[in-house]
Every structure is written in structure tokens, then in C-alpha cells.
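A, B, ... follow the sequence lines: proteins, then strands. Residue 1 opens every chain.
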Number of protein chains: 2
Amino acid sequence: MSGRTVTITEVARHAGVAVSTVSYVLSGKRAISADTRRRVLDSVRVLGYHPNAGARALASRRANVIALVLPLRAGMHVPVLMQFATSVVTAARQYDHDVLLLTADEGSDGIRRAAASALVDGLVLMDVELHDPRVPLLRRLAEPSVLIGFPADTTGLTCVDLDFARAGALCVEHLAERGHREVALLGAPAVVYERGTGFARRTREGFTEAVARHGLTGVALPCEETFEQVAATVEGLLAERPGLTGLVVHNEAAVNHVLGALRQHGRRVPHDVAVVAICPDDIAERSSPALTSVLIPAEEVARQAVRLLMDKLEGHTAPEGTLLEPRMTVRDSTSVVRS
Amino acid sequence: MSGRTVTITEVARHAGVAVSTVSYVLSGKRAISADTRRRVLDSVRVLGYHPNAGARALASRRANVIALVLPLRAGMHVPVLMQFATSVVTAARQYDHDVLLLTADEGSDGIRRAAASALVDGLVLMDVELHDPRVPLLRRLAEPSVLIGFPADTTGLTCVDLDFARAGALCVEHLAERGHREVALLGAPAVVYERGTGFARRTREGFTEAVARHGLTGVALPCEETFEQVAATVEGLLAERPGLTGLVVHNEAAVNHVLGALRQHGRRVPHDVAVVAICPDDIAERSSPALTSVLIPAEEVARQAVRLLMDKLEGHTAPEGTLLEPRMTVRDSTSVVRS
DNA sequence: GCCCGTTGTCGAAGCGCTTCGACGCTCATC
DNA sequence: GATGAGCGTCGAAGCGCTTCGACAACGGGC
């Protein structure tokens, strides 16, 4: 309202107290009488006071800002990322923190810069790979960090993710229960496996393990994302494995193409082929038929990551690994039980 | 490296100069001899000095941070958003600024808070609606802002966007050139139009205007995003307009469903129906057939927005409206010319 | 009625940086 | 040889806040 910005000194004068008293009212770090508190808060409201973030950061050595380091790589699942990002912001705000956005293409330098300049108090990194070059830096850094995704060696780190191995297994178990004996996994594009992205590999491992455990026949294939390539993959699969009746798709961009290809080949879902997807709910719901799916619980992962980071900021220790239990929503695409 | 953080005082001592001299070397705001500059920069490197962001912000009254306010609404085109966000970060870094992420669900309060606390020097808002409640606040704010999207009244604002009216018209013109006489626009979900989202309406206006100008027959329909609904819309359209041969799709989430529905109804693209999409390139390329499309130039819009914001931060004035010329990429989905 | 522990408040010392004015040089100018 | 205009550097004064130690005032325990 008033053009000039209001400082704590003005609030103190207006309320007839010392500057430090205003500070203590606002931070709650010392006892303040109810009367004084009320007067101060009234002045804050009347004057429209907002503490200066820079001054606060300088004096308290806490910026109340965390960094969110976005991935920016081929083969990433963009809508999920976005959901992560907004959930991180929302969660951080609940702890009175803001979020600074960094992109992975600044690499380790960006992380070092943000940390060393005290721009941020801690970091959340998304889409960490098995052999991520930033991990050694994170270990050295004074500022705490939380990773979304698991690198190969988690010593000294704090990692959160959906339990993709369980997710892969869960899909197989669901198909096994419905009487399917021969199944396949269509996963991420080949490049994602080659790069050593943890979630893609872990899903595949869970799938393979569950196939063996249930005595099924199964194959896991990477899956590109153009309609043509997906259609070719599906066609090859159907030709080579005539007994195939169950499909697990772990590729958000390809899942609708898979359904289109099945339709084109005259395979009805779920009557001829049952399909389970690992993807966000909105995609599963919008498909035809609606897909039985394990959703990527972006919001929950984000919330956990922020909570763990806040714990670490307060000096507590956090567990090295936190795996979130996958949950399956059964929809139309697996609604037929085979005898 | 060294546990403790290095301050400008230590750099000054190490280089044998005054603190202010170090500051001037780093900011370039006063002439410094080549020799002194070198000594200071060496010390900076040797000690691994990073200026403290809070102290800098406090003293200079510039945080070197801009806010990016994300939308968070139904019917939004998520991948495009993500591209915007990362492009804004990249562009801001080129001006030595960082990006603070705010979500729209904090609304005006979040904007006020970030601005009043001097957390940020300026703001970029995405997905501004025709009657956006935040606009009056932006006009009052001391901090400059740039909007991506056009509200109804742009007085006193700085807005950037793709020229969606031209984009809509361009699609029609392309179809007209290929000999199509009867066309349709499948747009955003109905709720997006009702909400008064500028880009959806402007595309429709451009479409309608160009249809009239070229003497075509055309209809513009909203389009939901589940396969079932899309299929129903397409079916209705084909039934009611047997002469229809050209389709413009301005809905990223629905475009593959549209192709699937046409396939299901035995309509070949482009032989029976030509399709032009307004969507990101990667979606257009991955579809089958690859779609002639007008892409949403997220990166360019973001770069422009940041550039305009930086201009305003330096005290220059910026134009109220900046419309980016749409560009069409011709692919297979319109490769047949009708006689 | 004295001592002591609480409770509520204040003043002052920074946090690490930018920026302003001052000042001593060196040169070109008359 | 005095004058003045840069140039290059320094010291000091903040920027707006947090936090530490100090200290009245007040009861409760003996």
C-alpha cells in the first residue's frame, strides 16, 4: 500500500517496544506477554509489515529457501515431474520455506553456487541416476540434501522413491491372480536403461523376479515412444509370443500408443490382452479402456522428501533410504479373469 | 572445500586490498587496475569465495532472483508448462538471476509476500486468464512483472504470448491451400473456455475468422480429454458433417485420442481427413502419422518474458503486448492435396 | 524479610555486503 | 610550476534483521 517498505524498526516504534521484542514476537523464540504480543501483531497488520528476506537470512544464517534441482533429460516423464515440482513447493510452504528452481544442466556448479552463496539451506534433487556425478558433491556439502531416486551407493545420503521393484512385482502378481501365464513388460526407451536410471531398472527387476516366483513366462522389452515404433514392438511381441495375454506398460508417453496398436491388431483389452500400467492416474483414467495402474505418487514422494529435508535442517538424522509402497488401482483393462 | 564459508573480508586480506576494492572488482562498478583485479580474482579462486546472497541482497537492495508463478489448474497443458519453467530458469541464469518457484494456489498473497519481503526483484506469471484476479495487484506492485498470456485489459502490464489467433488462422489457411472446404477445430475442454482462458479463445477466433475469410465451412468445438469423450466428439462430427476433410486440434492431451478415434472409424489420415495440430513438436513427431503442427514456442516465449523483465528491472519501459509469430511445420498428416 | 529463579523487555553487537565520499596519485594543460 | 581532471583505492556508514547478555519486576519458599 504505502510506497515505501516497512521495516521492523517502524513496527517497533509504532507498537512502542524495542526492535528485538518485535523480532521475538514474530519468531516465538522468547516468552512475550500476551498484551505486548497483541500490540506488536496489530502494528504489523496496520503497517503491512513483511520481514526483509535478505536481512533475515544474513542475520539468522537461514535463507528459508530450499533448492529443487530439476532433471532435464531425454526420456523423462514430464507430467510427473511437474507434479513433483508443485508438490515440493506446496510442501515447502508448509514449513515456511520457499523453493528455488535449478536445472540439472547447470550440473554440480549450480548446486555448489546455490549452496555456497547461502541462497538455499538445503536441496532436493530429482531423477537421480545410478551413477550420478553430483552425488560426491552432495556428500561433501555442508547443506543437507534429499534425493528423489536411488543412486547405486546411498551411503551418507537420504533417498526417497516409490518402490519400483515392488510396483513391477505387483503388476505381475495382479496378472497372475487373473490367470495370465505369459506376460511382457514394455518399459522405458532403451536409452534410459543404458543411462542407468534406477527406476526403470528396478521395475524390470521386480517384474522379472515376480515372473519367476509365480512360474510365469515373461519378457521385458524397452519401448520407444513414437507410435510407429510402439506398434512395431507390439506387433513383434504378439507374433513371437502367441500365448501372451498380459502386458505391463511402464512408459507414460507410450501407453496410449500401446492401446492404439492393440486396437489396430484386433486385440481387445481386456478380453484378449490385459494391460497394467505404471503411470499417473489421469493418464490411466483417460485411456480406453481405463487402465488398471500403479500410480506414481508424486505428491507423496515430494512431501516425504521435503519432510526429510526439514528434519535434516533441524539437525536430526534421516534414514538413507525411504521406499514408498506402491498401490494399485484396478480398472477395466484387467477386468476379465481367465480360467 | 574448507568447512568455513569464505567472506569478502578474507578475500580482501588475502589479496592485500580493501573490502570495497574486492567488491568493485566483482561488480565492475568502478575502474580497477589490471594488476589489482588479477590479484583479487586469484584470491577469489584460491579461497573459493562465493558472495553471500543475503548480504548482497540486503546491501544492494537487489536479490537477483525473479519469481516464476506456475499455474495449477485443470485443463492445463503440462509438458508445455515444464518447458516454460526450465526455459525461464535458463534465460534468467543468463542474466545472472535465479528463479523462485511459486504456485498459483497461493494466489495474490504469495505474490505480495515474495515481493514485499524482497525475496524477488520481479515476477513472471504463467497462464494468465482474461480476468485474472492477480492483475490489479501486479499493477500496484513496485516490482516489475511480465505475464505470459494476455488478460482482457493489458493497460500498464507487459504481456507475452504466442499469437494464437494467427496460429488458428494459419492452420485454416494451410488446409484451405490443400483444397479442404469443410473444416473443424477441436479445442480445449469446455471448462477452459468458460474460465476465460485467453489462448483457447483466441485460437478459436483466429480459426473462425480465417474460415470466413477463405469462404470455408467450419465449426469449432471444445474437446474433452478421455478417449471415450474424444471418440464421441469425433464420431458426432463425422456423422453431422460428412463433407468434413480438415481437422485442427488444439489440445495436447487429446490429439492422440483424436487420431485413434479416426483410425477406429476407418478414416485414414491424411487421405480421408487432414489433421493440423497446435502442440509441442515432440507430440507431433511421435504421432502416427506425424502431424503437421504449429508448435508452442515455449522456449522463445520464456526467453522473451525474461528479457522484458530484465529490461524493466533496469528501468526501461517494455511494450504492453508482445505476440510471437507462429510457425508451422508440415508433416505427413496434411500431405495430400485435394483437387 | 531475604534470596533466588522466572518472566518479559531492552540495547547493542554483529551478519557480509554495497556504496558514498575522500584522497593521493599521475598527466596533460596553460 | 601551478592547476585540475581523471584514475584507483580506501574507510566507514549503513542495509534490516537476529540474538546474546543484562536487568528490572515479581512471586514463592524458607
key: Phosphate OP1/OP2 of C:dT18 contacted by B:K29 side-chain N/O (<4.0 Å)   = no
inquiry  = Taking the side chain as everything from C-beta on, heavy atoms only, tell me whether A:V120 gets closer than 4.5 Å to A:I66.
reply    = no
inquiry  = Assess whether a salt bridge exists between A:D153 and A:R139, defined as any Lys/Arg side-chain N lying under 4.0 Å from an Asp/Glu carboxylate O.
reply    = yes
inquiry  = Base, sugar-phosphate or nothing for A:S60? Non-hydrogen atoms, less than 4.0 Å.
reply    = sugar-phosphate
inquiry  = Tell me the interatomic distance from A:R61, atom CZ, to D:dT19, atom P, rounded to whole angstroms.
reply    = 11 Å
request  = Assign each of B:A18 and B:A55 to its nearest nucleotide of DNA chain D by heavy atoms, then name whichever residue's nucleotide is nearer the 5' end.
outcome  = B:A18
ask   = Tell me: CD1 of A:I8 to P of C:dC10, nearest whole Å?
value = 12 Å
remark   = Regarding the side chain of A:P51, the nearest nucleotide among D:dG16, C:dT19, D:dC17 is D:dC17
ask   = Are any of A:S23's side-chain N or O atoms less than 4.0 Å away from OP1 or OP2 of D:dT18?
value = yes
ask   = Is A:V19 touching bases, backbone alone, or none of the nucleic acid, heavy atoms closer than 4.0 Å?
value = base
ask   = Taking atom P of D:dG16 as reference, at what distance in whole Å does atom CG of B:L119 sit?
value = 16 Å
ask   = Which whole-number value in Å describes the distance from B:R30 CZ to C:dG24 C1'?
value = 14 Å
request  = Look at B:R56 and C:dT18 and indicate whether a side-chain polar atom (N or O) is within less than 4.0 Å of OP1 or OP2.
outcome  = yes
Sole residue of A:V135, A:V146, A:V69, A:L102 in side chain to side chain contact (heavy atoms under 4.5 Å, CB included) with A:L125 = A:V69
query = Has the side chain of A:Y24 got a donor or acceptor atom sitting under 3.5 Å from an opposite partner on the base of D:dC20?
reply = yes
message = What's the closest nucleotide to the side chain of A:A59 if the choices are C:dT18, C:dG14, D:dT9?
response = C:dG14
ask   = Going by an N to O cut-off under 4.0 Å, is there a salt bridge joining B:D42 and B:R45?
value = yes
Nearest-angstrom distance from the residue atom CG of B:N64 to P of D:dC15 = 20 Å
request  = Taking the side chain as every heavy atom from C-beta outward, state whether A:T103 and B:R93 have any atom pair closer than 4.5 Å.
outcome  = no
key: Nearest to side-chain heavy atoms of A:Y49, which nucleotide of C:dG11, D:dT9, D:dC17   = D:dC17
remark   = Minimal heavy-atom distance between B:A118 and B:A63, with the atoms involved, is O-CB, 3.6 Å
key: Side chain of B:S33 - closest among C:dG11, D:dA12, D:dG8   = D:dG8
task = Tell me whether the OP1 or OP2 atom of D:dT9 has a side-chain N or O from B:T21 closer than 4.0 Å.
result = no
inquiry  = Should the side chain of B:T9 and the base of C:dG16 be counted as holding a donor-acceptor pair, with the cut-off at 3.5 Å?
reply    = no
ask   = When the distance from CD1 of B:I32 to C1' of C:dT19 is rounded to whole Å, what number comes out?
value = 13 Å
task = Write down the distance between CG (B:L58) and P (C:dG14), rounded to a whole number of angstrom.
result = 17 Å
task = Mind calculating the distance between CG (A:N52) and C1' (C:dC15) to the nearest angstrom?
result = 13 Å
